[in-house]
Amino acid sequence: SSMPRPLPPPVLAALASGHGVITRQQLLRLGATERNMATWVRRCLLHRLSAGCFVESAQWEGAAPGMRHTMHLYGVQLVSPDAVARSATSAVTWRLPVRSIPERPQVIRAPNRAHLTSASVQRRLLDPSHAVTRRDLTTLTLAHSVVDVAAAASLPDALITVDAALRGGLPVTDLQAALRSRGTF
């Protein structure tokens, strides 16, 4: 049996420049067909991350859970750039420990935005000053990430993340300000 042909160089270059993630639209622009994509998935050269989003299978298989989650988030944000990482997902983007990494990225979107099957969406308006871009990912600020995790987790689980952020240099005053600005919802 012959060796399966590797992914074409332009596809490999696009994957390398995009955190190992590529969209169906990007593949089509590079000249790939739907049939090519189906073949690459069947031959385990590409792994389907979500509808219209792929990662290189070898990179996916070799990635640690936090990296896989980050790749998944990157794919969600390629398709829906308005999605902002929240809770455990935002903690992962800050490389903070969390008790468990969610199956799907946790994001915030405005109430009028379309549903996403590839993410766990919380619909609310977000103060733009509460979000930042880190390594091409839009996420809550460090302080808001910690507060978001603490609001959703049990006390022992929240302490894992809060303690790591404080030990990493997050000023308590930033945490207090994020807590005050959160209000109730």
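Residues take their numbers from the sequence shown, with the count starting at 1. These numbers were taken from a predicted model, which means no experiment stands behind them.
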Should [X] and [Y] be regarded as members of a common hydrophobic cluster, given that ILVMFWY residues are connected when their side-chain heavy atoms come within less than 4.5 Å of each other, either directly or indirectly?
{"X": "L166", "Y": "V147", "value": "yes"}
{"X": "V121", "Y": "V84", "value": "no"}
{"X": "I101", "Y": "I108", "value": "no"}
{"X": "V21", "Y": "M67", "value": "yes"}
{"X": "V41", "Y": "L49", "value": "no"}

Considering all heavy atoms of both residues, which atom of [X] and which atom of [Y] are nearest to each other, and what is their separation?
{"X": "L137", "Y": "Q77", "value": "CA-OE1, 3.4 Å"}
{"X": "W94", "Y": "V132", "value": "CZ2-CG2, 3.7 Å"}
{"X": "A152", "Y": "S87", "value": "CB-OG, 3.9 Å"}
{"X": "D148", "Y": "R86", "value": "OD2-CB, 3.3 Å"}
{"X": "L125", "Y": "A110", "value": "CD2-CB, 4.2 Å"}
{"X": "V11", "Y": "L30", "value": "CA-CD1, 4.0 Å"}

Under 3.5 Å: donor-acceptor pair, side chain of [X], backbone of [Y]:
{"X": "S120", "Y": "Q106", "result": "no"}
{"X": "T89", "Y": "P105", "result": "no"}
{"X": "R109", "Y": "A114", "result": "yes"}
{"X": "S118", "Y": "S50", "result": "no"}
{"X": "R42", "Y": "M37", "result": "no"}
{"X": "S57", "Y": "H47", "result": "yes"}
{"X": "T161", "Y": "P97", "result": "yes"}

Rounded to the nearest 0.5 Å, what separates atom [atom1] in [X] from atom [atom2] in [Y]?
{"X": "W40", "Y": "L46", "atom1": "CH2", "atom2": "CG", "answer": "6.5 Å"}
{"X": "L126", "Y": "T138", "atom1": "CG", "atom2": "OG1", "answer": "10.5 Å"}
{"X": "L12", "Y": "L7", "atom1": "CG", "atom2": "CG", "answer": "5.0 Å"}
{"X": "I160", "Y": "S100", "atom1": "CD1", "atom2": "OG", "answer": "9.5 Å"}

Answer whether the closest heavy-atom distance between the side chains of [X] and [Y] falls below 4.5 Å.
{"X": "L175", "Y": "V162", "result": "yes"}
{"X": "Y74", "Y": "D136", "result": "yes"}
{"X": "V146", "Y": "L96", "result": "yes"}
{"X": "C53", "Y": "R48", "result": "no"}
{"X": "I22", "Y": "L78", "result": "no"}
{"X": "V76", "Y": "R104", "result": "no"}
{"X": "E34", "Y": "L28", "result": "yes"}
{"X": "L73", "Y": "T93", "result": "yes"}

Taking atom types as modelled, find out whether [X] and [Y] have a side-chain donor-acceptor pair closer than 3.5 angstrom.
{"X": "H144", "Y": "S181", "result": "yes"}
{"X": "N36", "Y": "T39", "result": "no"}
{"X": "Q26", "Y": "T23", "result": "yes"}
{"X": "S80", "Y": "R113", "result": "no"}
{"X": "H19", "Y": "T70", "result": "no"}

- Which word best sums up how the rings of H72 and W60 line up, parallel for under 30°, tilted for 30 to 60°, or perpendicular for over 60°?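 H72 vs W60 ring planes: perpendicular.
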
- Message: Using side-chain contact (heavy atoms from CB on, under 4.5 Å), reason through M71 and E56 one step at a time and then give a plain yes or no.
- Response: CA-CA 11 Å; M71 291 166 82; E56 189 178 3; over 6 Å; no

- Applying side-chain contact (heavy atoms from CB on, under 4.5 Å), run through R95 and R135 and close with a yes or a no. CA-CA 12 Å; R95 299 194 170 130; R135 297 191 305 278; 3.6 Å; yes

- Task: Check the pair D174 / L142 against side-chain contact (heavy atoms from CB on, under 4.5 Å), numbers first and verdict last.
- Result: CA-CA 9 Å; D174 288 8; L142 178 57; over 6 Å; no

- Query: Would you call R123 and D82 a salt bridge, using N to O less than 4.0 angstrom?
  - Reply: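 Not counted as a salt bridge, because no side-chain N and carboxylate O are separated by less than 4.0 Å.
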
